[in-house]
Amino acid sequence: MTQSKNFIEIAVEEDLENPDLPNYVHTRFPPEPNGYLHIGHAKAMIITYGIAEKYGGKYNLRMDDTNPEKEDVEYVEAIKDDVHWLGFDWEDRFYYASDFFEDMYNCAHVLIDKGLAYIDEQNAETIRQQRGALTSPGTNSPYRDRPIEESRTLFKEMKEGKHADGSMVLRAKIDMASGNMNMRDPVLYRILRETHYRTGDDWVIYPMYDFAHPLEDAFEGITHSLCSIEFEDHRPLYNWVVEHTDVTHIPRQIEFARLGLSHTVMSKRKLRQLVENGLVEDWDDPRLPTLRGMRRRGYTPKAIRNFAERIGVSKVPNTVDYRFLEYCLREDLNARAPRAMAVIDPIKLTIRNYPEETFEVFEMDNVPGDPDSGRHGYSFSKHLYIEREDFMETPDKNFHRLSPGETVRLMGAYLITCEEVIKNENGEIEEIIASYDPDSAGGKGKKVKGTIHFVDQETAVDADCYLYDLLFLAEDPDADERPYEEQLNPNSRVIMENAKLEPWIFEHQSPIGFQFVRQGYFVRDEKDQSRKTPRFNRSVSLKDSYRPEFE
RNA sequence: UGGGGUGUCGCCAAGUGGUAAGGCACGGGACUUUGACUCCCGCAUUCGCAGGUUCAAAUCCUGCCAUCCCAGCCA
């Protein structure tokens, strides 16, 4: 496959060849520590860090913490943890925007002294009205042309806490008639008496994103500041700031389309709504697209990285089918996850002609096709469990598992033939009686169409299996007018409390979990240490091409 | 009556004037002690629409249409 370059790589290469620009690449991922990272952030991070890696450059991790109202250490720790988990190492280049507050303050003075910024004493409402509308120009503030000296003094007083919250702001003097709303004298600094999680009460003025971000990039020596598409019309302002504040390093902002994923929601606000309304367990609910949730679900960093690399980079608004994400997970797990026997919804199987009080041990490859993965044994006896789904009393034409009179292979063991079905008073199947062919051990004997898995009753370990499916039924929950509560998939989480697992699962360490043969990939959930029965989360099911045929 | 984006198969996405890559999904088949995996085969006479330039256009020009973002003292 030919590796074509995406538009960012093309731009970066042009810059590298430009003798007037740096001959290296240095990028940054700048989350605001006001929430948990999700798969969309992972995409952004992988693009940003991937560009640095591809061109032999460096990358930083930065907390964009310029708003004391929302940010918290809890999130910075979680973010660092998630970034590391994805496999990225920022070495000693971890930054806080809040560490640059003093430098930013000085840059604001440069603007004031150049007559490019002024103190506006109007309130927020007035400023909003003066901004005009999309199709009509704004009007200049009466403070716009006040003497530089006045603004300088007032700005110092703002910093010293001599003025009330909201009583005045520092604004850039650009163009109130610009078609680009961002250029209509944007606010650069506001007064806010709010304790910042890092700087405490040192500051009562805080810089706005449009002023702070380009400076952070400049201070850190970022060459390419990659961000999502909604910042595209902020770029003129970004460039204006670095041009007029006398910073010595000029970064370049390039925007790409953010990730959309079908059947889920991605914005912090919406995720918060799900968590706070108790519609999911928590931020790490395995059904959420948060990195913490996906981690708990059993997604691997490798699967997420492959996913991000394969969906590509463009500026086209997109919604990737969740099935592509699942495909990437299956691909990784199929290659590495050890196989194990587990019956999720058991019914008893008794082998009539097999002796009591004895057992045999059969072996299977941990990962078929990978000799280095080893093998493990599992026991077989007269009393087993099989999957309820693997038996059908009146099978359709395409069903080739167990049914009355039919023969199937018990995986790795014997051929058995169903002889009798025992039901309880409610008509539910309780037990299957079968006979086995003693000459069919380990694959010998006739070929049969069906092979089913089983667990020996004697050695089985109880477990709860959490089966997950789409959180939302709708492809785009936001396009649906109904509240989220009514859109949730009632079967997004099905708890099976009577699963029977082969004991090896508990003896063998496998951080990526196991493939429960013929069913899917599962990982042990360690969150609740107090639970008596172990819990397993289904990361993703196996594909299933069985289609009942009706005639 | 503003500014900035984007429009190639159901979903991503290559393609940058030479006659539509690839992946996912889907359908069919082979293989199979996982109906998994793997392997074959099929899947856009057409690139938002309409004109134009050219021997030749998804690619160039003109016009139009659709759709997304922007009026926080959020990021």
Side-chain angles (χ1 to χ4, degrees), chain A residues 1-6 30-32 34 64-67 69-71 120 123-125 127-129 131-138 165-171 177-184 186-192 205-206 208-210 212-213 227 229-236 255 257 260 262 268 310-328 330-331 334-335 339 362 364 368-369 398-401 408-413 415 440 442-445 447-453 475 515-520 541-547:
Chain A
M1 214 207 303
T2 42
Q3 279 293 19
S4 53
K5 296 185 178 93
N6 64 51
E32 181 186 14
N34 69 345
D64 202 3
D65 54 359
T66 57
N67 183 355
E69 290 181 309
K70 300 179 177 176
E71 297 145 7
D120 193 336
N123 60 35
E125 174 63 13
I127 289 176
R128 191 179 65 74
Q129 285 169 1
R131 192 146 31 225
L134 293 177
T135 55
S136 58
D165 286 14
S167 60
M168 56 184 71
V169 291
L170 179 71
R171 287 229 262 169
S178 174
N180 182 347
M181 299 299 287
N182 297 301
M183 300 299 268
R184 319 246 265 223
V187 171
L188 267 22
Y189 265 94
R190 77 277 207 185
I191 305 172
L192 199 58
I205 58 171
Y206 291 93
M208 302 295 293
Y209 170 87
D210 283 313
H213 207 88
C227 64
I229 207 83
E230 64 269 29
F231 291 104
E232 199 152 28
D233 54 10
H234 289 245
R235 194 170 64 227
E255 313 83 13
S262 72
K268 276 176 194 165
R310 285 181 215 182
I311 55 176
V313 181
S314 73
K315 300 179 76 150
V316 186
N318 62 83
T319 303
V320 178
D321 194 321
Y322 77 96
R323 288 175 296 190
F324 188 57
L325 218 205
E326 292 196 331
Y327 165 82
C328 291
R330 287 193 188 101
E331 179 188 46
N334 176 55
R339 315 289 129 123
F362 292 97
M364 71 163 115
N398 287 342
F399 187 84
H400 43 258
R401 277 113 86 163
V408 296
R409 164 81 55 190
L410 286 180
M411 194 181 287
L415 251 20
S440 64
K444 294 197 290 287
K447 286 230 181 284
V448 290
K449 273 184 141 183
T451 298
I452 66 175
H453 58 279
E475 189 176 315
Q515 181 196 105
F516 288 0
V517 130
R518 299 208 310 127
Q519 303 184 96
S541 66
L542 249 33
K543 282 183 66 174
D544 181 7
S545 60
Y546 166 60
R547 296 286 177 278

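Note on naming: letters A, B, ... go to the chains in the order of the sequence lines (proteins, then strands), and numbering restarts at 1 for each one.
Per the geometry, CZ belonging to A:Arg184 stands 7 Å off C1' belonging to B:G2, to the nearest Å. Distance NE2 (A:His400) to P (B:G35): 7 Å, rounded to an integer number of Å. For the pair A:Asn6 CG and B:C12 C1', the computed distance is 14 Å after rounding to whole Å. Rounded to a whole Å, the CZ atom of A:Arg330 is 12 Å from the C1' atom of B:C37. Counting to the nearest Å, the C1' atom of B:U32 and the CG atom of A:Asn334 are 14 Å from each other. To the nearest angstrom, P of B:G15 lies 10 Å from NZ of A:Lys5.
Of the possible polar contacts, none joining the A:Arg323 side chain to the A:Val320 backbone as a donor-acceptor pair under 3.5 Å is found. Side-chain atoms of A:Arg131 never come within 3.5 Å of backbone atoms of A:Asn182 as a donor-acceptor pair (strictly under, hydrogens ignored).
Nucleotides B:G23 and B:G15, compared at atom C1', are 16 Å apart to the nearest Å. B:U8 and B:U16: their C1' atoms are spaced 14 Å apart (whole Å). Going from the C1' atom of B:A56 to that of B:C65 covers 27 Å, rounded to whole Å. Separation of the P atoms belonging to B:C64 and B:A71 is 27 Å when rounded to the nearest angstrom. Distance check on atom C1': B:C9 versus B:A25 gives 11 Å, rounded to whole Å. Rounded to whole Å, the separation between the P atoms of B:C69 and B:G52 comes to 36 Å. B:U46 sits 16 Å from B:A14 when the C1' atoms are compared, rounded to a whole Å. B:G5 and B:G10 have their C1' atoms separated by 25 Å, with the value rounded to a whole Å.
If you check distances only, the side chain of A:Gln515 does reach the base of B:U34 with a donor-acceptor pair under 3.5 Å.
Looking at heavy-atom distances under 4.0 Å, A:Asn398 makes contact with a base. At the heavy-atom level, A:Tyr327 lies under 4.0 Å from the strands shown only through sugar-phosphate atoms. Within the nucleic acid shown, A:Val408 has no heavy atom closer than 4.0 Å to any nucleic acid atom. Heavy atoms of A:Pro368 sit under 4.0 angstrom from at least one base atom. Using a 4.0 Å heavy-atom criterion, one finds that A:His453 contacts no nucleic acid atom at all. Residue contacts for A:Phe399: at a heavy-atom cut-off of 4.0 Å it reaches a base atom on one of the strands shown. Nucleic acid contact for A:Arg339: base, since at least one base atom lies under 4.0 Å from a heavy atom of the residue. Backbone-only engagement by A:Ser314 is indicated by non-hydrogen atom pairs under 4.0 Å involving sugar-phosphate atoms exclusively.
A pairwise comparison of heavy atoms in A:Ser440 and A:Leu415 identifies OG-N, 2.9 Å as the closest pair.
Glycosidic conformation, B:G72: syn, with the torsion inside 90° of 0.
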If you restrict it to nitrogen or oxygen atoms, what contacts under 3.5 Å exist between nucleotides 9-11 of chain B and the protein, and what is each distance?
from  : atom 1 : to       : atom 2 : distance (Å)
B:C11 : O3'    : A:Thr319 : O      : 3.1
B:C11 : O2'    : A:Thr319 : O      : 2.8
B:C11 : O2'    : A:Asp321 : N      : 3.4

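Looking at heavy atoms from C-beta onward, A:Arg401 lies in side-chain contact with A:Tyr546 at the 4.5 angstrom threshold.
Taking 4.0 angstrom as the limit, A:Ser136 places none of its side-chain polar atoms (N or O) nearer than this to OP1 or OP2 of B:U1. A close approach under 4.0 Å does not occur between any side-chain nitrogen or oxygen of A:Arg310 and OP1 or OP2 of B:C12.
Comparing A:Leu410 and A:Ala257 by the nucleotide of RNA chain B that holds the closest heavy atom to each, the one mapping nearer the 5' end is A:Ala257.
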When every nucleotide of nucleotides 69-75 of chain B is labelled 5' to 3' by its protein contacts under 4.0 Å (heavy atoms), B for base, S for sugar-phosphate only, - for none, what sequence of letters results? BBBSBBB

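Ion pairing of A:Arg128 with A:Glu125 is present here, as a side-chain N (NZ or NE/NH1/NH2) and a carboxylate O approach within less than 4.0 Å.
In this structure, A:His234 and A:Phe231 have perpendicular ring planes: the angle between them is above 60°, well past the 30° mark.
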